[in-house]
Amino acid sequence: MNERYVCDMTKGNEVKLLLGFALPMLVGNIFQQLYNMADSIIVGKFVGSNALGAVGAVGNLNFLFFSLCLGLTSGIGILISQFFGAGKDEYVKKIIANSVYIITAAGAVMSIISVMFARPILELMNTPEANMEDAVVYMQIACGATIIVAIYNGISSILRALGDSKTPLIFLIVASIINVGLDLLFVLVFHLGVAGAAWATAIAQLISATGSILFALWKNPYLKLKKHHFKVDSDIIRKSFQIGFPVAGQNALIAFSCVALQSVVNNYGATVMAAYTATSRVEQLVQQPFSSLGTAVSTFAGQNAGAGKYDRVSTSCKKSTVIVLIFSLLMVAVMFLFGAPIVQLFVNEKEVIEIGAKGLRITSLMYFALGMIYVTRGMLNGVGDAVYAMINGLTEVVGRIGFAYLLMAIPAIGVWGVWYTNGLTWILAGSAGVIRFFQGKWKTKSMVTPSPSETLPEMQPSK
């Protein structure tokens, strides 16, 4: 067994394990957001604010279309982490092999749908005419590459479930550098506009996915698969969907709520669209420490739930809360002191910068709640709490749609309701996760009975 490419989290110091897993992910996530930001900065600076608004209009749709793929890969990762924690190595290999069918099929379907229905969907979102053509082109290319994103997230989810967060990082960094180079080439030299930015991202994602798969096949012992592992196992596929669909539903509902909010933003015109896109890109970067910690908690919870060590799961959440608090306070100071210069990285227009800077100050006050969403969601998804996944998604839909129409109908709040809506939704969803944690029902959700002596795993019905 090559210990370098797996990590058993069922023993050892919780904080050390979480940070050791989360830090490589954080670096990778930051690089990923940096090349997303590179698209926005290059498009905003050299193509124009209307083009930047078009890219922003597609951003949430992009997440919506591959949210199904993300959910299914998360379900596969949860299964792997639980059975890995239970010591059922041969069954883990069967899960990995069967995941190939699930990931490629889901990715292909989402790619085809997103290309075929790009314009009708953008019209439903009230995308302004000034942004429409660029938005259609960007969506058809970026969302058309969903199958590539699904494959990359699939292999990353598998490796992270086994405790390896470093291998995806290596290839993500390489892809990020290539993406920025291609952005500059396609936009500044070839003058391809938003299409060039979209193609740069798609090519970079393909490189990242291919590199991760080839390296994992070479180095990771759990990917040394044989022909019998690829025999279709209906039980594995059923369990992957049983866990994955609620997580996919959670992601889709969250994405839908963001799309609904974006459609409200679009009604305010190109200036507000550009400001909101800029602040969204900044907040995507701010969220990366929370996201990395949440994924670490998810893997930690999955492995320890499989081993029946629920006290370690609880401890990991409590210690992660302290980390979230410290980082949140730091980010409040950053946004109040440097909000305007940060937004100015994306656009040149003074009005857009002023609106974006105030938006960042508003939402920064609620970053702690955002962090708690990631910690509780990671833990509860990791132990297989499918009910919570749907509750979490519905909470964000109710929050974003409800707060948006309520706050923006109040003249004294007006356009600032866009940013207050996000912050209040974080508080609502974060509170739901904390309540679910203290209820303790998640301790009954594991898919595996922790009895390593068995030759075949016993599957428990999801409650």
Side-chain angles (χ1 to χ4, degrees), residues 1 3 5-25 74-89 91-92 95-96 156-165 222 239-240 242-244 246-247 290-324 372 374-389 433-434 436-454 457-460 462-463:
M1 185 68 68
E3 297 294 338
Y5 299 101
V6 295
C7 178
D8 184 354
M9 294 183 161
T10 61
K11 51 192 174 185
N13 181 271
E14 295 92 350
V15 173
K16 183 178 179 180
L17 287 167
L18 288 170
L19 293 180
F21 184 94
L23 289 177
M25 273 204 66
S74 296
I76 291 163
I78 291 166
L79 272 184
I80 291 171
S81 65
Q82 290 188 7
F83 284 103
F84 175 79
K88 302 178 185 296
D89 295 346
Y91 202 76
V92 167
I95 298 172
I96 293 172
S156 297
S157 182
I158 290 167
L159 295 175
R160 288 166 184 158
L162 298 170
D164 178 13
S165 60
Y222 284 89
K239 287 296 179 182
S240 295
Q242 187 174 328
I243 299 178
V247 178
F290 298 147
S291 175
S292 302
L293 183 61
T295 304
V297 171
S298 181
T299 300
F300 186 96
Q303 289 192 14
N304 282 279
K309 298 182 178 181
Y310 291 104
D311 56 329
R312 288 175 59 82
V313 177
S314 296
T315 300
S316 71
C317 285
K318 293 172 183 177
K319 292 183 177 179
S320 295
T321 299
V322 177
I323 298 172
V324 166
M372 292 310 299
Y374 280 100
V375 170
T376 55
R377 181 189 297 163
M379 187 279 284
L380 294 166
N381 285 347
V383 299
D385 190 351
V387 173
Y388 165 75
V434 171
R436 187 73 174 177
F437 170 78
F438 282 109
Q439 285 177 335
K441 295 179 181 179
W442 51 271
K443 295 180 181 180
T444 66
K445 306 299 181 180
S446 176
M447 288 285 175
V448 59
T449 301
S451 48
S453 61
E454 295 174 353
E458 290 183 3
M459 309 295 279
Q460 292 183 342
S462 179
K463 299 180 181 179

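For clarity, every value in this text was computed on a predicted model and none was experimentally measured. Position 1 is the first residue of the sequence, and the numbers go up from there.
- In terms of modelled atom types and a separation under 3.5 Å, the side chain of Ser298 and the main chain of Gly378 share a donor-acceptor contact.
- Applying the side chain to side chain donor-acceptor pair (under 3.5 Å) test to Thr10 and every residue at least two apart in sequence or in another chain returns Asp8.
- To the nearest 0.5 Å, the span separating CG on Asn304 from OG on Ser81 amounts to 9.5 Å.
- Lys239 is not listed as a side-chain neighbour of Ile243, based on a closest heavy-atom distance of 4.5 Å or more.
- The aromatic rings of Trp442 and Phe437 sit parallel, their planes meeting at an angle under 30°, below the 60° perpendicular limit.
- Residues Thr295 and Phe21 form a side-chain contact, since some pair of their non-hydrogen atoms from C-beta on lies under 4.5 Å apart.
- Using a 4.5 Å cut-off on side-chain heavy atoms (C-beta onward), Val92 and Ile96 make contact.
- Atom OG in Ser156 sits 9.5 Å away from atom CG in Asp164 (nearest 0.5 Å).
- Here the straight-line distance linking atom NZ of Lys16 with atom NZ of Lys319 works out to 13.0 Å at 0.5 Å rounding.
- Met372 and Thr321 make their closest contact through CE-OG1, 3.4 Å (heavy atoms, listed as atom of the first residue, atom of the second, distance).
- In plain terms, the two heavy atoms of Ala305 and Val313 that are nearest each other are N-CG2, 4.4 Å.
- Taking each heavy atom of Ser157 and Gly77 in turn, the nearest pair found is OG-CA, 3.5 Å.
- For the pair Ser314 and Lys443, the tightest heavy-atom approach, listed with the atom from each and the gap, is OG-CE, 4.4 Å.
- The line from CD1 of Ile95 to CZ of Phe83 is 5.5 Å long, rounded to the nearest 0.5 Å.
- Side chain of Arg312 to main chain of Met9: a donor-acceptor pair is present (N/O by atom type, distance under 3.5 Å, no hydrogens or angles).
- Of the possible polar contacts, none joining the Glu14 side chain to the Phe300 backbone as a donor-acceptor pair under 3.5 Å is found.
- How far OG1 of Thr299 is from CD1 of Ile78: 9.0 Å, rounded to the nearest 0.5 Å.
- Between Gly306 and Ala86 the shortest heavy-atom distance is O-CB, 3.6 Å.
- Side-chain contact check for Asp385 versus Lys441: every heavy-atom pair is 4.5 Å or farther apart.
- Between the CZ atom of Phe84 and the CD1 atom of Ile158 there is a distance of 14.0 Å, given to the nearest 0.5 Å.
- Nearest heavy-atom pair across Val247 and Ser74 is CG1-CB, 3.8 Å.
- Every side chain to side chain contact (heavy atoms under 4.5 Å, CB included) that Asp311 has, sequence neighbours left out, goes to Lys309.
- Counting only distance, with no hydrogens or angles, the side chain of Gln82 and the backbone of Gly382 share a donor-acceptor pair below 3.5 Å.
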Check: Could you walk me through whether Thr376 and Cys317 pass the side-chain contact (heavy atoms from CB on, under 4.5 Å) check?
Finding: CA-CA 7 Å; Thr376 55; Cys317 285; over 6 Å; no

Next item on the list: Start with the C-alpha distance between Leu18 and Ile323, add both sets of side-chain angles, then the distance that settles side-chain contact (heavy atoms from CB on, under 4.5 Å), and finish with yes or no.
Entry: CA-CA 11 Å; Leu18 288 170; Ile323 298 172; over 6 Å; no

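- Remark: the backbone N or O of Gly75 is not paired with any side-chain donor or acceptor of Ser240 at under 3.5 angstrom.
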